[in-house]
Amino acid sequence: MSNAAPRPNDLMGLSEPEYDTILEIMGRPPNLTELGIFSVMWSEHCSYKSSRRWLKTLPTEGPQVICGPGENAGVVDIGDGEAVIFKIESHNHPSFIEPYQGAATGVGGIMRDVFTMGARPVANLNALRFGSPDHPKTRHLVRGVVAGIGGYGNCIGVPTVAGEVNFDPAYNGNILVNAMTVGIAPADRIFYSAAAGVGLPVVYVGSKTGRDGIHGATMASAEFGGDAAEKRPTVQVGDPFTEKLLLEACLELMATDAIVAIQDMGAAGLTSSSVEMASKGNVGIELDLDRVPLRETGMTPYEIMLSESQERMLMVLKPGHEPAAMAIFEKWELDCAVIGETVDHGRLILRTAGSIAADIPVPPLVAAAPEYDRPWTATPPRPVLTAAEVPQQPDLGPALCRLMACPDLASRRWIWEQYDHMVMADTVQRPGGDAGVVRVHGSEKGLAVTTDCTPRYVHANPIEGGRQAVAEAWRNLTAVGATPLAITNNLNFGNPERPEIMGQLVGAIQGISEACLALDCPVVSGNVSLYNETEGSAILPTPVIGAVGLLPDLAVTTSLAFAANQAIVLIGKTAGWLGCSLYVRESCPGETMAPPPVDLAAERRNGDFVRGLIADRQVTACHDLADGGLLVAVAEMALAADIGATITLPGDLPAHAWLFGEDQARYLVTTANPADLLAAAIQAGIPARRIGHTGGASLTVSGTAPISLADLSAAHEGWLPAYMATA
Amino acid sequence: MTAAIIVFPGSNCDRDTAVALEAASGRAPRLIWHRETALPKVDLIVIPGGFAYGDYLRAGAIAAHSPIMREVVARAHAGVPTLGICNGFQVLTETGLLPGVLTRNASLRFVCRDVHLRVEQTDSVFTCKYRPDQVLRIPVAHMDGNYIADDTTLQELEDHGQIALRYCDADGAATAEANPNGAQRNIAGLFNRRRNVLGLMPHPERAADPHHGGTDGRALFAGLVEMIAA
């Protein structure tokens with residue numbers, strides 16, 4: 001039939017076989033608008049066509065889970081009739097092209113995902129990856145991204161309480177900006193996207209639709225070439241003030257009984273929101289595009305449907321509730337319009353000027369979206385690096401100062417002081433610790449939140465790296481005394497059409513799955529960002545884990561800051577694993593070997609033990625061991641309190657392996673009663689060892705010269721401000 | 001004490017301030033939408049922090065022309081204690097209730113951190129519970145806190161004891177390093193001549209609960225409750 005019809009020259013990112021499928025579904029060649037709709041709905045960004053097969057293997061269930069992946073965000077029970085709703089999402093490509101707006105709209109988009117479900121956002125986080133500090137673009141990108149995240153989050157009034165930053169040349173041409181939002185809603189007032197019922201009004205509210213961000217989802221699903229700058233018109237422009245109004249208006253309307261379904265217009269804008277609601281509700285939807293509030297004249301149906309203008313919501317109301325809804329939107333000075341209705345014929349029909357601009361059957365548009373089993377090759381294992389192969393640094397003090405000032409470990413204060421991390425007045429632990437902690441408003445409960453990933457581990461061994469990302473997030477929650485509830489993930493990878501990249505994705509998902517199962521921490525939401533490559537060069541595989549934990553009583557929490565005159569106890573086994581460590585990277589560049597193995601059973605045992613110690617008020621400070629190993633953790637704890645420490649060296653390991661090895665499943669705790677704590681550890685079969693005590697104004701490792709905290713602090717705090725101040 | 005908190009589109013510290021006021025007074029403040037034209041009889045008016053009207057045009061500029069502000073200005077002139085925190089301070093300068101202007105931070109960056117403040121004037125309903133020269137630790141969070149006025153105005157402010165708080169170091173010295181935004185004479189908080197209007201950049205409502213990591217802001221609210229009851 002239609003195979004004989006001429007094919008468009010531009011398939012808008014679709015493949016030839018995908019176009020053939022569209023011809024079958026439509027029974028005719030699609031017009032431009034229809035092709036655009038298929039193109040975005042079937043883009044990698046919206047359809048997860050390369051990853052879906054593997055995402056299905058992630059554990060997503062648990063007694064605490066109210067709603068897992070598939071909605072705008074994941075929903076988890078926190079007791080007392082409340083639920084926590086959270087998700088992480090990438091805005092990588094736009095942020096590279098236009099860092100301020102790209103990052104800002106990333107924050108705006110993820111917040112809408114969370115308040116669409118009925119939650120008031122209570123915490124924002126961000127996981128950022130930039131190129132080498134030496135790269136000419138890096139400083140500009142850091143400045144723009146940080147200002148954009150702050151500009152949006154600060155204005156809307158949601159505290160940004162945690163996050164992470166790495167620098168690596170692999171991100172020179174493709175930075176990562178992953179934003180996470182955590183919200184709280186009444187557990188019996190969660191809003192979903194299924195538009196069940198016909199003859200219901202479809203209501204548009206929020207900013208007017210303009211020509212910004214057209215085909216953004218498709219842009220986000222392709223590699224960059226040398227023409228990245230030309231893609232600037234596909235980047236959306238954010239208005240946090242309108243988002244604040246939209247947030248308050250939606251929450252006010254949600255307190256009534258008017259809403260059947262609601263969906264934010266994010267990637268693929270009006271297209272994906274309307275298709276999603278129709279598909280989930282098993283109905284069709286008819287829209288009159290002439291009623292859509294427009295920012296500019298002469299917009300075509302193609303442009304209206306594919307615009308990614310920000311701060312817009314689509315909702316399906318119960319009939320008769322339109323006036324009440326309009327009154328709320330008018331109060332908040334938001335544009336709104338009834339633009340269509342749900343129908344029983346299962347088609348998406350768009351009308352303009354009395355004629356039909358598009359007519360697509362909804363079920364195949366969604367169900368026939370391609371799913372690929374892309375060929376993949378496992379990442380070859382790397383050799384194990386023994387401590388004997390790594391030269392000892394002659395002088396401990398300079399070596400530690402160098403590590404504490406390296407771009408991956410230096411203080412991030414310059415960044416988080418640009419974020420309002422205290423608005424809402426419920427922030428209990430500010431940025432800079434293991435996890436951010438916010439109070440559940442009006443209660444004595446708290447939520448602990450973190451994001452984590454160690455891309456160099458994932459690159460060296462995707463399975464171990466995937467495990468480690470989950471384990472570290474879980475440890476960070478544990479270190480403040482929280483019980484981990486669930487995670488969200490942001491899988492950032494290169495081009496999945498390359499088997500070695502696909503192998504990284506497959507391996508990381510396997511590792512994440514194993515860790516989630518072992519640690520009882522299901523995945524409840526997530527986002528996949530592929531094609532993070534520029535001119536054939538891929539980023540480090542970066543599966544970021546965002547995790548949320550519950551503190552039943554804020555009086556029973558702990559931070560990493562030392563108290564004076566306490567014993568320091570190391571929990572967990574130290575083998576002195578230097579492979580893939582920061583110590584090795586900073587002292588002998590180019591060395592990349594097998595990363596530390598993750599013993600998930602030990603993670604579970606040690607973490608549960610530490611959480612128990614905190615709950616029993618046996619520890620006065622706690623910190624998980626991660627990048628940089630033991631001595632870096634001691635230094636971080638000391639700097640957080642401006643209280644020094646004295647550490648002993650064991651006889652059974654070389655000093656550098658002991659001090660800088662990055663063995664997993666370890667924590668440092670301090671206590672006034674080491675004997676009791678060590679006895680409890682023996683009782684529980686947990687490796688624990690007293691390694692020193694706190695006090696003084698310097699850090700002393702037995703047999704070496706004291707390292708002054710002032711010097712350490714200057715090194716640690718100095719790097720980023722000095723870097724950013726250079727022209 | 002009955003208090004009214006003015007809420008503009010874009011205000012985002014209205015709830016935080018209400019919580020602190022209720023904790024101090026035992027009574028929930030009234031939240032007054034900016035489109036109202038009349039105020040109930042209240043003992044205190046608060047303009048909270050946030051980004052009223054998105055800070056578009058200039059921080060506080062559009063909010064100063066909201067319908068309710070005519071009544072707020074009238075009440076303040078009539079002697080009702082009126083407190084503007086952060087964005088509220090910016091609104092108060094835009095209405096002319098307080099002199100000078102708050103411009104972009106000297107760093108050109110948003111700044112959110114604890115600062116030290118020296119109490120310069122304790123003879124007011126707002127600062128009566130503090131000691132002269134007491135050093136407080138209270139957070140700031142703003143983009144436009146760089147206070148500027150002409151020399152004559154600054155001298156008048158000094159002469160009439162209108163400077164409420166100055167940025168200082170932990171020992172009380174008002175140094176340039178301790179100034180988070182470049183404000184002239186390290187001014188962090190300012191009274192009108194009659195001292196019934198206070199604008200300040202720091203957020204006392206974020207230092208009002210042990211979970212905040214400090215409670216130095218509490219005495220401001222407690223003082224208001226005490227003075228107004230008296």
Side-chain angles (χ1 to χ4, degrees), chain A residues 120 143 146-147 149-161 238-249 330-334 413-432 437-439 441-444 446 554-555 557 559 561 721 724-725, chain B residues 7-23 33-35 48-57 59 62-63 66 85-87 105 107-115 138-144 170 180 202-214 217:
Chain A
R120 178 172 286 282
R143 185 176 291 122
V146 170
I149 290 172
Y152 209 101
N154 299 347
C155 181
I156 199 167
V158 175
T160 301
V161 298
D239 176 7
F241 173 59
T242 300
E243 177 118 325
K244 168 72 172 165
L245 305 183
L246 194 58
L247 162 68
E248 298 300 336
E330 193 278 331
K331 171 188 166 189
W332 291 100
E333 300 177 22
L334 291 163
R413 185 183 304 275
W414 184 90
I415 294 173
W416 50 256
E417 282 191 348
Q418 295 185 59
Y419 303 151
D420 190 336
H421 47 270
M422 294 183 250
V423 63
M424 298 186 91
D426 281 321
T427 301
V428 177
Q429 284 206 32
R430 301 180 188 180
V437 176
V438 294
R439 171 169 49 190
H441 190 69
S443 80
E444 282 301 310
L554 282 175
T557 179
S559 82
M724 292 308 298
Chain B
V7 183
F8 301 100
S11 294
N12 63 29
C13 302
D14 40 332
R15 187 190 76 179
D16 311 354
T17 310
V19 168
L21 277 169
E22 185 170 355
W33 187 235
H34 71 118
R35 278 195 206 165
F51 287 75
Y53 290 95
D55 274 1
Y56 291 135
L57 186 58
I62 302 177
S66 262
I85 301 170
C86 195
N87 194 219
N105 296 342
S107 67
L108 304 183
R109 294 191 300 272
F110 190 93
V111 58
C112 177
R113 61 175 167 90
D114 281 344
V115 295
I138 293 181
V140 290
H142 59 252
M143 188 62 144
D144 301 283
H203 285 272
E205 79 280 12
R206 298 186 189 182
D209 181 310
H211 287 315
H212 293 156

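Residue numbers start from 1 in every chain, and the chains themselves are labelled A, B, ... in the order their sequence lines are given, proteins ahead of strands. Heavy atoms only: backbone and side chains are in, while hydrogens, waters and symmetry mates are out.
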| Quick one: are Asp55(B) and Asn87(B) in side-chain contact, heavy atoms under 4.5 Å? | yes
| request: Below 4.5 Å from any heavy atom of chain A, which atoms of Tyr53(B) appear? Answer side chain, backbone, both or neither. | output: both
| request: Would you mind checking which part of Ile156(A) comes under 4.5 Å of any heavy atom in chain B, side chain (CB onward), backbone (N, CA, C, O), both or neither? | output: backbone
| request: Among the options Arg430(A), Glu417(A), Arg439(A), His421(A), pick out the one with the most heavy-atom pairs lying under 4.5 Å from chain B. | output: Glu417(A)
| request: Check whether Thr17(B) gets within reach of chain A through its side chain, its backbone, both or neither, counting any heavy atom under 4.5 Å. | output: neither
| Does some side-chain heavy atom of Asn105(B) sit less than 4.5 Å from a side-chain heavy atom of Pro180(B)? | no
| Contact class of Arg15(B) relative to chain A, heavy atoms under 4.5 angstrom | side chain
| query | Where the side chain of Asp16(B) meets the backbone of Arg206(B), is there a donor-acceptor pair that is under 3.5 Å apart? | reply | no
| In terms of heavy-atom pairs under 4.5 Å with chain B, which of Asn154(A), Asp239(A), Val146(A), Val428(A) leads? | Asn154(A)
| Given the options Lys244(A), Met424(A), Gln429(A), which has more heavy-atom pairs under 4.5 Å with chain B than any of the others? | Met424(A)
| task | Kindly indicate, with the supporting measurements, whether the criterion side chain to side chain donor-acceptor pair (under 3.5 Å) is fulfilled by His212(B) and Glu205(B). | result | CA-CA 9 Å; His212(B) 293 156; Glu205(B) 79 280 12; over 6 Å; no
| said: Please rank Leu247(A), Thr427(A), Leu554(A) by heavy-atom pairs under 4.5 Å with chain B and give me the top one. | reply: Leu554(A)
| query | Counting only N and O atoms by type, is there a donor-acceptor contact under 3.5 Å from the side chain of Asn12(B) to the main-chain atoms of Cys155(A)? | reply | yes
| message | At a 4.5 Å cut-off on heavy atoms, which part of Asp209(B) comes close to chain A: side chain, backbone, both, or neither? | response | side chain
| query | So, His34(B) side chain and Pro9(B) main chain: donor-acceptor pair closer than 3.5 Å or not? | reply | no
| Which one, Ser107(B), Pro210(B), Gly54(B), Ala141(B), leads in non-hydrogen pairs under 4.5 Å with chain A? | Gly54(B)
| Taking C-beta and beyond as the side chain, do Ser66(B) and Phe8(B) meet within less than 4.5 Å on heavy atoms? | yes
| Check: Val111(B) and His142(B) side chains under 4.5 Å, non-hydrogen atoms | yes
| query | Quick one: what part of Glu243(A) sits under 4.5 Å from any heavy atom of chain B, side chain, backbone, both or neither? | reply | neither
